[in-house]
Amino acid sequence: MTPRLWLVRHAQPLVEPGVCYGRINLPADTQATLECARALTDALPSRVTAWHSPLQRCEQLAEALKALQPDLATNPDARLAEMDFGSWEGKPWSSIARTDIDAWTADFARHRPGGGERLADMMQRVRAALQDARLQALHERCDVLWISHAGVARCVRWILDHPPHAALPRADEWPLQAPATGQWACYPLLT
C-alpha cells in the first residue's frame, strides 16, 4: 500500500463568521473537536505518525485524538501553522480596505497581507514539511497525519498539482477547496 498523507483541518474555531483568523491562537469548539477525533479514530490506519500545527485549535484535536488512541504520539510542527495575516488578524474581512485586498491579489504570492506572511514563504515551509513527510513515509512505511488549517491544505493541493519549479500561483489560480472544519483529505505521499 502506498503511504498517504491524512490532512485534517481543525474543528470549528470559536470566532465570529467573516473574521480573518490566520495565526490568532483561537480555541475550537470542544464538541466538534471530539466528534472529529472520534471519526478520525475510526478512519485512520493502525500505523500512522502524527504532526500538528502548534495553534490551539489544532493542539486540541491532537489531544482529543491521543485520548482515544493513547499509543499515538503527536508532535507540533510550526511549518503546519496557518498563514499570518498581520494587522488583518481578528478583523472582519468586510472591514479590510478593498484597495488592500486588491494589492494582495495583484501580487498574490509575494505581497504580505496586513504586513504578515507572504504566500511564497508559506509555500516554502509547507513544501519542506511535505518533503519530510515523504521521507518519513518512505523509511517507516506508514501513513502520515497532519492536523492543520485550510491554508496549509491549499498549499499541499497546489504543490501536488504542480511541478516543483512551477511559477507561484496567481490569486485566480489558487485552490479554493479545502477540507471543511473537522474534515480531512488523503493524498498519496509517494508517487
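If you're wondering where the values come from, they're calculated on a predicted model, not measured in any experiment.
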Could you please spell out the steps behind the side-chain contact (heavy atoms from CB on, under 4.5 Å) verdict for Leu138 and Leu189?
CA-CA 9 Å; Leu138 183 64; Leu189 273 172; over 6 Å; no
For the [atom1] atom of [X] and the [atom2] atom of [Y], what is their distance to the nearest 0.5 Å?
X: Glu173; Y: Leu168; atom1: CD; atom2: CG; value: 10.0 Å
X: Asp172; Y: Trp174; atom1: CG; atom2: CH2; value: 13.0 Å
X: Thr41; Y: Lys66; atom1: OG1; atom2: NZ; value: 13.0 Å
X: Leu68; Y: Glu63; atom1: CG; atom2: CD; value: 11.5 Å
X: Glu82; Y: Asn25; atom1: CD; atom2: CG; value: 12.5 Å
X: Trp88; Y: Ile24; atom1: CH2; atom2: CD1; value: 13.5 Å

Decide whether Ile96 and Val15 are clustered together by the hydrophobic rule: side chain heavy atoms of Ile, Leu, Val, Met, Phe, Trp, Tyr closer than 4.5 Å, transitively.
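The answer is no; the residues belong to distinct hydrophobic clusters.
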Ignoring hydrogens, what is the shortest heavy-atom contact between [X] and [Y]? Give both atom names and the distance.
X: Cys58; Y: His52; answer: O-CB, 4.4 Å
X: Thr49; Y: Glu140; answer: CG2-OE1, 3.2 Å
X: Pro169; Y: Met123; answer: CD-CE, 4.3 Å
X: Ala64; Y: Leu34; answer: CB-CD2, 4.1 Å
X: Met83; Y: Pro113; answer: SD-CG, 4.2 Å
X: Ala32; Y: Ala11; answer: C-CB, 3.7 Å

How are the rings of Trp104 and Phe85 set to each other: parallel, tilted or perpendicular (split at 30° and 60°)?
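It falls in the perpendicular class, over 60°.
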Verify the neighbour count for atom CD of Gln31: are there more than 12 heavy atoms of other residues, nucleotides or ligands below 6.0 Å?
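Correct, the count exceeds 12.
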Hey, is CD on Glu35 packed in by over 12 heavy atoms from elsewhere, all under 6.0 Å?
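Yes - once you tally the heavy atoms of other residues, nucleotides and ligands closer than 6.0 Å, there are more than 12.
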Checking side-chain contact (heavy atoms from CB on, under 4.5 Å) for the pair Asp84/Glu89: CA distance, chi angles, key distance, verdict?
CA-CA 8 Å; Asp84 180 353; Glu89 297 275 352; 3.8 Å; yes
Would you say [X] and [Y] make side-chain contact, with heavy atoms under 4.5 Å?
X: Trp93; Y: Val19; answer: no
X: Val144; Y: Gln136; answer: yes
X: Leu55; Y: Leu80; answer: no
X: Arg57; Y: His149; answer: yes
X: Leu119; Y: Trp158; answer: no
X: Pro13; Y: Gln56; answer: no
X: His10; Y: Ser148; answer: no
X: Val152; Y: Arg9; answer: no

Nonpolar side-chain network containing Leu65, other nodes, edges under 4.5 Å
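Joined to Leu65, directly or through intermediates: Trp6, Val8, Leu40, Leu44, Val48, Leu61, Leu72, Leu145, Ile147, Trp184.
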Between Arg98 and Asp102, does any NZ, NE, NH1 or NH2 come within less than 4.0 Å of an OD or OE carboxylate oxygen?
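Yes, Asp102 and Arg98 are salt-bridged.
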Is Arg157 paired with Asp161 through a side-chain N to carboxylate O contact shorter than 4.0 Å?
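Result for this pair is yes, salt bridge flagged.
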Mark yes or no for whether Thr33, through its side chain, and Asp29, through its backbone, hold a donor-acceptor pair below 3.5 Å.
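Yes; at least one donor-acceptor contact below 3.5 Å.
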Under 3.5 Å, side chain of Asp143 to main-chain N/O of Arg4, donor-acceptor pair present?
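It does hold such a pair.
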Does the side-chain contact (heavy atoms from CB on, under 4.5 Å) test come out yes or no for Thr74 and Trp51, once each step is laid out?
CA-CA 5 Å; Thr74 63; Trp51 300 89; over 6 Å; no
If the test is salt bridge (Lys or Arg N to Asp or Glu O under 4.0 Å), which one of Arg79, Arg112, Arg23, Arg110 qualifies with Glu117?
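Considering Arg79, Arg112, Arg23, Arg110, a salt bridge (Lys or Arg N to Asp or Glu O under 4.0 Å) with Glu117 is found only for Arg23.
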Evaluate the side-chain contact (heavy atoms from CB on, under 4.5 Å) criterion for residues Trp146 and Val156: first the C-alpha distance (whole Å), next the side-chain angles of each, then the deciding distance (0.1 Å), finally the verdict.
CA-CA 11 Å; Trp146 283 3; Val156 167; 3.6 Å; yes
